[in-house]
Amino acid sequence: MTGAGSVHAAGRAALRAWPRSQFAYRGDPRFSYCVHLPEGFQPGAASRRLLVAVHGTGRNAMAYRDALAGLADAHGYVVLAPLFPVGVLGDYNPDGYKYLAEGGLRYDHLLLGMIDELGALLETDFGRFSLFGFSGGGHFAHRFFYRHPARLRSVSVGAPGGVTLLDDTRDFWIGTRDFAARFGAAPDVAAMRGVPAQILIGGEDTAEFVYPAHLSQHAPDMASLGRNRLERSATLLANWRDHGLQARRDVVPGVAHEGLKTLSALEAFLTELPPD
């Protein structure tokens, strides 16, 4: 065996030997991912459900992978949790991935490359996948949804600090007027209407803040989105429904900004999706 076949065989052997490890993404080893394979998984399945879980600013990718293992085993999901490290451009910036692009990097393309790599290793076609992200991962998830709705079976957006509205009167990141110039295509709202969308938020996620002027993501009109994550999630829901999206908002009682405590609501949403 030579070439790509031998590399994929080595990758499968590594997954079997170290199933809980973090694996460098061969397309750009600055980035990595961890995986959970459901009980009884065998490579070579014609297709397989995939759930991608994107970490927040604390980079707790493995914690989400582990917390979702029961759901994955019960419902036949492969879980992929990417790791987008702080400061990959040497500047200690923790936020680049949240906005899809940083310098010459496109984080949406990095994720799609990881999915292709894992599919090749497992000899399976994931097709459309379910995307979940909380906090910083929620930033990433809804902006990925705007750029790649055709790739998604569902999207779950957990408690981002700032939300991007489908709004052609304001520039990114508040709105989408210049989205096509930044990312190569405007949001395909018609395609987005075909993707079940969930907004997840803790009922106690009420700390009030805006991004201060010294941060690159500062936006003078951020307060128009709401005073806190709870209010901003309601603003995003209303915006999506105004555009005809299949959107729901699940408020988890008694929970503040604690992503692992919202996963029961994520599981309920995923189990209600129509069959593949």
Side-chain angles (χ1 to χ4, degrees), residues 11 15 23 25-27 31-38 41-55 61-62 64-84 97-98 100 106-134 136-158 183 185 187-188 191-200 245-248 259 262-263 265-276:
L15 282 170
F23 291 89
Y25 167 46
R26 292 183 66 239
F31 304 94
S32 62
Y33 55 89
C34 58
V35 177
H36 176 81
L37 303 180
F41 178 86
Q42 293 295 327
S47 63
R48 177 68 67 170
R49 286 180 176 175
L50 176 67
L51 172 60
V52 172
V54 183
H55 59 70
M62 284 187 168
Y64 279 108
R65 186 271 313 271
D66 293 344
L68 290 167
L71 181 159
D73 291 342
H75 302 288
Y77 283 95
V78 171
V79 177
L80 184 154
L83 175 60
F84 301 129
Y97 78 100
K98 302 174 187 179
L100 298 189
R106 283 286 298 270
Y107 287 93
D108 53 336
H109 296 167
L110 288 166
L111 175 60
L112 292 172
M114 291 176 187
I115 292 170
D116 289 345
E117 179 173 294
L118 183 63
L121 288 176
L122 300 179
E123 300 177 296
T124 193
D125 178 10
F126 289 118
R128 296 186 304 140
F129 62 94
S130 293
L131 175 62
F132 161 75
F134 189 86
H139 279 263
F140 175 90
H142 77 291
R143 294 169 186 138
F144 184 99
F145 177 35
Y146 289 3
R147 183 60 185 86
H148 302 284
R151 296 300 304 265
L152 295 178
R153 179 174 179 248
S154 67
V155 63
S156 297
V157 177
F183 302 113
D188 184 344
M192 293 174 67
R193 292 182 182 128
V195 180
Q198 177 191 41
I199 298 168
L200 271 172
L245 273 59
Q246 301 179 60
R248 63 189 255 184
T262 68
L263 296 184
L266 170 65
E267 182 169 10
F269 170 69
L270 292 176
T271 59
E272 295 170 13
L273 293 177
D276 297 331

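- For an aromatic pair to be called close, the ring centres must be under 6.0 Å apart, and Phe140 with Tyr107 fails this.
- Residues Phe132 and Tyr64 bring their aromatic ring centres within 6.0 Å.
- Judged as a salt bridge (charged side-chain N to carboxylate O under 4.0 Å, His left out), not a single pair has a partner in residues 112-122 (not counting sequence neighbours).
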(message) Pair Ser156, Thr262 - check side chain to side chain contact (heavy atoms under 4.5 Å, CB included), show working.
(response) CA-CA 11 Å; Ser156 297; Thr262 68; over 6 Å; no
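- For the pair His75 (side chain) and Ala72 (backbone), a donor-acceptor distance under 3.5 Å is absent.
- You'll find the side chain of Tyr33 stays beyond 4.5 Å of the side chain of Ile115, heavy atoms only.
- Scanning for salt bridge (charged side-chain N to carboxylate O under 4.0 Å, His left out) contacts around Arg193 gives an empty result, with sequence neighbours left out.
- In terms of the salt bridge (charged side-chain N to carboxylate O under 4.0 Å, His left out) criterion, residue partners of Asp66 (sequence neighbours excluded) are, by chain and number, Arg20.
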(request) Would you please test Leu50 and Thr124 for side chain to side chain contact (heavy atoms under 4.5 Å, CB included) and show each step? (result) CA-CA 10 Å; Leu50 176 67; Thr124 193; over 6 Å; no
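- Without hydrogens or angle criteria, Gln198 side chain to Ala265 main chain gives a donor-acceptor distance under 3.5 Å.
- Shown here for Phe269 and Ser154, the closest heavy-atom pair between the two residues is CE2-CB, 3.9 Å.
- For Tyr97 and His55, the ring centers sit closer than 6.0 Å to each other.
- A heavy-atom distance below 4.5 Å is found between the side chains of Phe23 and Leu15.
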(request) Would you please test Met192 and Leu152 for side chain to side chain contact (heavy atoms under 4.5 Å, CB included) and show each step? (result) CA-CA 9 Å; Met192 293 174 67; Leu152 295 178; over 6 Å; no
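- Using the six-membered ring where Trp is involved, His139 and His142 have ring planes that are tilted, between 30° and 60° apart.
- Counting all heavy atoms, side chain and backbone alike, Phe145 lies closest to Ala197 at CE2-CB, 4.3 Å.
- Partners of Glu123 under the salt bridge (charged side-chain N to carboxylate O under 4.0 Å, His left out) rule, at least two apart in sequence or in another chain, do not exist in this structure.
- Proximity of a side-chain donor or acceptor of Arg48 to a complementary backbone N or O of Val78 within less than 3.5 Å is not detected.
- Every residue was checked against the side-chain contact (heavy atoms from CB on, under 4.5 Å) condition with Ala150, not counting sequence neighbours, and none meets it.
- Residue pairs meeting the salt bridge (charged side-chain N to carboxylate O under 4.0 Å, His left out) criterion with at least one partner in residues 136-156, sequence neighbours excluded, are Arg153-Asp276.
- Closest of all the heavy-atom pairs between Pro82 and Ala61 is O-CB, 3.6 Å.
- Proximity of a side-chain donor or acceptor of Arg65 to a complementary backbone N or O of Val35 within less than 3.5 Å is detected.
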